[in-house]
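What follows is one structure encoded as structure tokens, with my remarks underneath.
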Amino acid sequence: MIKSDILIIGAGPTGLFTVFEAGLLKLKCHLIDALPQPGGQCSEIYPKKPIYDIPAYPEILAGDLTDRLMEQIAPFSPGFTLGERAETLEKQEDGSFVVTTDQGTRHSAPVVAIAGGLGSFEPRKPPIDNLAQYEGKGVAYFIKNPEQYRDKHVVIAGGGDSALDWSIFLSDVAASVTLVHRRNEFRGALDSVEKAQELKNQGKIRLITPGEVIGLIGEESLSALQIQVDQEVQTLECQAFIPLFGLAPKLGPIAEWGLEIEKNAIKVDNALDYQTNIPGVYAIGDVNTYPGKLKLILCGFHEATLMCQSAYKRIYPDRRYVMKYTTVGGVEGFDGTKKEAPKAVIKSIE
Amino acid sequence: MAQVITLFITDRDGQTHEITAPTDMNMNLMEVVRAYDLAPEGTIGVCGGMAMCASCQSYITSDHPLPEQNDYERAMLAEAFYVKENSRLGCQVFITPDLEGLRVTLAPES
């Protein structure tokens, strides 16, 4: 069981900044995120895109914002459970919560802060009638263990980085790799496109463009695909089909936790502390809704700050505390580091 | 006073809405749809309008002259589902006076 004072679901900018505000109150945080890296949408969707409305940063790349936040919260030694999706929330007799991930990792905390953005990122699945029937029987949307494709005939569909990069990687592992895309142009890093071109020229990757997988064939497991090429349908024998069309966020299991949901977001009390209808469970950032809500990173930062003050009062109901400015109090990390403003020199002039 | 144009947008349930949109706010079609709540939040404009998710795919059903697709829109549409000849990404279609009377149908959620 992983224990913390505030369990944060979602390691996007709002979740990360929560660690800082909680740390100032000596509250320890742990974060869960379905993605394998922190940053949420900033790192998954647009790391190289600029953001222009972060106060005091006229321009900052989303990936750099994530790096800066990680640097800012490092003194507070947050824990991370990455690549796992928060699946269930259970209230305990003592009022605390246990959150279990899809891989069975259990976390316990008196306060849960849901900073899940638009939800956890799930693979976008092409609308092919019998696709679901072959999931785990030849069809996969993630590649966890490339070795399972050794000496198999593999078909990858998609036109972005992951389709290119996995085609390149598997060309050394699989018996054959066929990349199917509706256009002959690919959206990826230049060196990936060039490498794929080179492998195609060497006959190590077969390219079917423009092409579209429209059907799956197989008794127990996948044995062939139907691919629309121009006006005709070709049948291609294969044992694995990996559609890589990127990820899309879905609210997912959070929607089943008994929280009040409106417009695909969690309703909170914005007049007070961003608490949900379950006392002790807060929702901050893009995942929440209230009258006048704006889905902006800077609003998420504000919500995180107020939420932490409320969490402190919930965890220590008998203590009185007033917020202290960091310029006055400095930043005292859990790792033993301390940052503080230099003191003015007071010295007499003789 | 900047011009306001009228648009006809058919939502994912097949209902057509006659709405107006200003032409001086640099708004795009996806934002207009969101402004009128014509698709549930979280199902449209997921990437915020960067041509990176295709959740705002729309079928243009009138014959208005639209600006050409840029590389990013073309690439994203090539990875989108339910694509037709008249598919566009709503986030890349900006509201200008010459779109007066534009007719649009939202593509299914994917």
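Note on naming: letters A, B, ... go to the chains in the order of the sequence lines (proteins, then strands), and numbering restarts at 1 for each one. Heavy-atom basis, side chains included; hydrogens, waters and symmetry copies ignored.
- Both the backbone and the side chain of A/Arg124 come within contact range of chain B, judged by heavy atoms closer than 4.5 Å.
- For A/Lys125, the part lying near chain B is the backbone, with the side chain staying farther off; criterion is any non-hydrogen pair under 4.5 Å.
- Residue B/Glu79 is tested with A/Arg187, A/Arg183, A/Arg182 for a salt bridge (Lys or Arg N to Asp or Glu O under 4.0 Å); the sole match is A/Arg187.
- The interface of residues 103-110 of chain B with chain A, defined by heavy-atom distances below 4.5 Å, comprises B/Glu109, B/Ser110.
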Legend entry - Residue pair B/Met52, A/Lys49: steps toward the side chain to side chain contact (heavy atoms under 4.5 Å, CB included) verdict: CA-CA 11 Å; B/Met52 293 177 84; A/Lys49 297 264 186 185; 3.8 Å; yes
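- In the displayed structure, A/Lys293 atom NZ is contacted under 6.0 Å by more than 12 heavy atoms of other residues, nucleotides or ligands.
- The shortest side-chain heavy-atom distance between B/Cys53 and A/Ile45 does not fall under the 4.5 Å cut-off.
- Among B/Ala80, B/Ser55, B/Pro40, B/Ala54, the residue with the largest count of heavy-atom pairs under 4.5 Å with chain A is B/Ala80.
- No donor-acceptor distance shorter than 3.5 angstrom exists from the side chain of A/Asn264 to the backbone of B/Gly42, with no hydrogens or angles considered.
- Using a 4.5 Å cut-off between heavy atoms, A/Leu244 touches chain B through its backbone atoms (N, CA, C, O) alone.
- Between B/Tyr82 and A/Pro127, the closest side-chain pair of non-hydrogen atoms falls below 4.5 Å.
- Taking every heavy atom of both residues into account, B/Val46 and A/Leu118 meet most closely at O-CD1, 3.6 Å.
- Electrostatic pairing of A/Lys263 and B/Asp37 counts as a salt bridge here, judged by a charged N lying under 4.0 Å from a carboxylate O.
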